[in-house]
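Here is the structure we will look at, set down as structure tokens.
Every number for a ligand or one of its atoms is a count from 1 in the order of the listing. Residue numbers count from 1 along this sequence.
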Amino acid sequence: MTDVKEMTGCSRYHLNMSTNPTTEELLRRYGGAVPRYTSYPTAVQFKGDFRPKTGDIPENAEVSIYVHIPFCRSLCSYCGCLTRVVHDDSPVNNYLAALDEEIGLLGSMTGYSLTAGHIHFGGGSPNLLSGEDIESLINLIDLNFDIRDGAEIAIEADPRQMTAEKARGYALAGVNRVSLGVQDFQRETQLAINRIQPYSQVEACVGWLGDAGIDNINFDLMYGLPCQTEDTIADNVQKAVTLNPSRISVFGYAHVPWMRPHQKILEKYSMPGPLERFRQAQVAREAFLDKGYLGIGMDHFALPGDRLAVAAGNRELRRNFQGYTTDRAKTLIGLGISSISCLPGAFMQNTTSFKVYKEKLSLGDLPVEKGTYLTPEDIMRADVIEQLMCYFTVDAADACRRHGFSEAHLAEDVAYLRQMEQDGIVELDGSVVTITESGRPFVRSVCAAFDSYFEGAQNRHARAV
Ligand code: SF4
């Protein structure tokens with residue numbers, strides 16, 4: 001079991017600190033680098049030379065499908081995604097040809113027996129693709145996986161690459177949810193991050209999508225970017241709500257220049273420190289709640305009638321690689337380079353190399369590079385972490401029992417949370433752990449106490465807050 005003092009990098013963690021610590025003290029103790037827990041084990045645990053065996057990918061099941069489109073027209077300075085800047089269509093068309101092969105290979109391997117209930121095009125900027133491109137991908141997925149009636153088909157879109165024609169094309173292809181990368185409405189921040197997209201451009205996108213019949217619109221916003229302040233964040237929220245998106249995500253900028261060297265360019269700007277980041281996140285949260293949005297998990301908001309809000313109310317919320325989701329399928333098939341598949345007993349990730357991706361597919365091989373099989377303990381701990389991430393509470397003994405472990409199996413992990421209890425982050429009632437309202441920004445650090453692989457590696461993860 002990892003010592004919790006390692007997870008926060010704070011050697012004082014086990015000392016009996018004073019109660020009522022200041023926010024700065026809490027950020028020092030619990031705001032260190034921790035995973036985002038979109039999976040457990042996290043991708044850091046995936047190993048090379050992983051080969052799926054027959055039966056790892058189920059047959060005759062409903063699955064979800066993620067398609068990675070790793071291309072953009074320019075590089076945003078904060079970008080942490082796997083993408084490649086392209087100025088013409090030939091690399092994109094080559095990639096689409098390989099993607100078609102991967103879809104066909106997986107379809108034949110599973111005997112064309114899978115049904116797709118959710119499809120998500122992520123990137124990169126999937127809306128570099130035309131309506132016809134998206135339609136032919138969806139048709140090919142339907143041929144190989146049989147898209148069920150009423151399936152959610154979502155696409156991430158860069159507002160700078162949207163047009164009215166694409167909006168119509170996507171709607172005709174069957175897309176029914178669009179996630180717009182808004183990030184920030186302020187020109188000073190947009191200049192710093194190399195992403196100029198005025199409010200009028202986002203407003204036009206929302207109009208085109210609505211005219212095409214796509215009313216399910218998500219906005220992605222960010223805090224912790226250069227030149228952002230509590231006031232600019234409040235203004236961003238005000239501008240966002242005037243466009244009435246049904247869902248909003250507010251992510252903290254992850255400054256990881258050791259993994260993404262292009263982010264170093266941002267260091268010449270004034271960057272919000274931990275306390276300012278914390279306050280920016282709070283300003284956004286309070287403003288969205290004030291505007292009638294419901295808080296979902298740690299960083300999502302949804303209008304009351306939205307399916308995500310309904311799922312949260314019914315305790316059917318899930319968390320996967322796209323964040324919080326209504327998707328309850330046990331299998332997620334990742335297509336395209338770097339995509340991760342979540343199988344009932346394993347995770348597997350495709351290669352991040354375009355060359356290897358194409359070569360393997362041309363030989364009829366799945367382009368899998370690494371992965372890991374899940375132990376029964378992994379599955380039990382994943383359940384605990386997912387409950388904390390989605391609902392901020394878990395009965396650890398109950399989770400142990402449901403997964404065939406002794407009720408006391410996680411007692412030591414719960415005991416590690418005593419200091420957090422004294423600091424007002426969690427309340428402990430026997431085996432029930434409940435994160436307090438004021439402790440919610442530290443939910444990832446609470447989850448890390450149940451992560452038996454976590455080593456507190458500061459250079460592998462972004463800040464918890
Ligand atoms: S549009 Fe998204 S994926 Fe592309 S460079 Fe910007 S942040 Fe990265």
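Residues F321 and Y66 fail the side-chain proximity criterion, which asks for heavy atoms closer than 4.5 Å. Using a 4.5 Å heavy-atom threshold, the side chains of Q263 and S77 count as separate.
Scanning the protein heavy atoms around atom 7 (S) of ligand 1, the nearest turns out to be Y78 OH, 3.5 Å. Of all protein heavy atoms, the one closest to atom 1 (S) of ligand 1 is R195 NH1, 3.4 Å.
Under a 4.0 Å criterion applied to the non-hydrogen atoms of C76, ligand 1 contributes the atoms 1 (S), 5 (S), 6 (Fe), 7 (S). The C72 neighbourhood of ligand 1 comprises atoms 1 (S), 3 (S), 4 (Fe), 5 (S), with distances under 4.0 Å to a heavy atom of that residue. When each atom of ligand 1 is checked for a heavy atom of S125 under 4.0 Å away, the hits are 1 (S), 4 (Fe). The distance from ligand 1 to the heavy atoms of C79 drops below 4.0 Å at these ligand atoms: 3 (S), 5 (S), 7 (S), 8 (Fe). Which parts of ligand 1 touch S74 is read off a 4.0 Å heavy-atom cut-off, strictly below it: atoms 5 (S). Using a 4.0 Å cut-off to heavy atoms of G124, the atoms of ligand 1 that qualify are 3 (S).
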Trace of the ring-ring contact (aromatic ring centres under 6.0 Å, His included) decision for F288 with F301 = CA-CA 7 Å; F288 280 122; F301 302 88; 5.3 Å; yes
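Heavy-atom distances between E156 and ligand 1 stay at or above 4.0 Å for every pair.
Paired with D184 under the rule side-chain hydrogen bond (donor to acceptor under 3.5 Å, both in side chains), one option of Q228, Q190, R195 passes, and it is Q228.
Taking SG of C205 as the start and CG of N127 as the end, the distance is 8.0 Å to the nearest 0.5 Å. Between M298 atom CE and H300 atom NE2 the span is 8.5 Å, to the nearest 0.5 Å.
In this structure, I265 places its CD1 atom where only 12 or fewer heavy-atom neighbours from other residues, nucleotides or ligands lie under 6.0 Å away.
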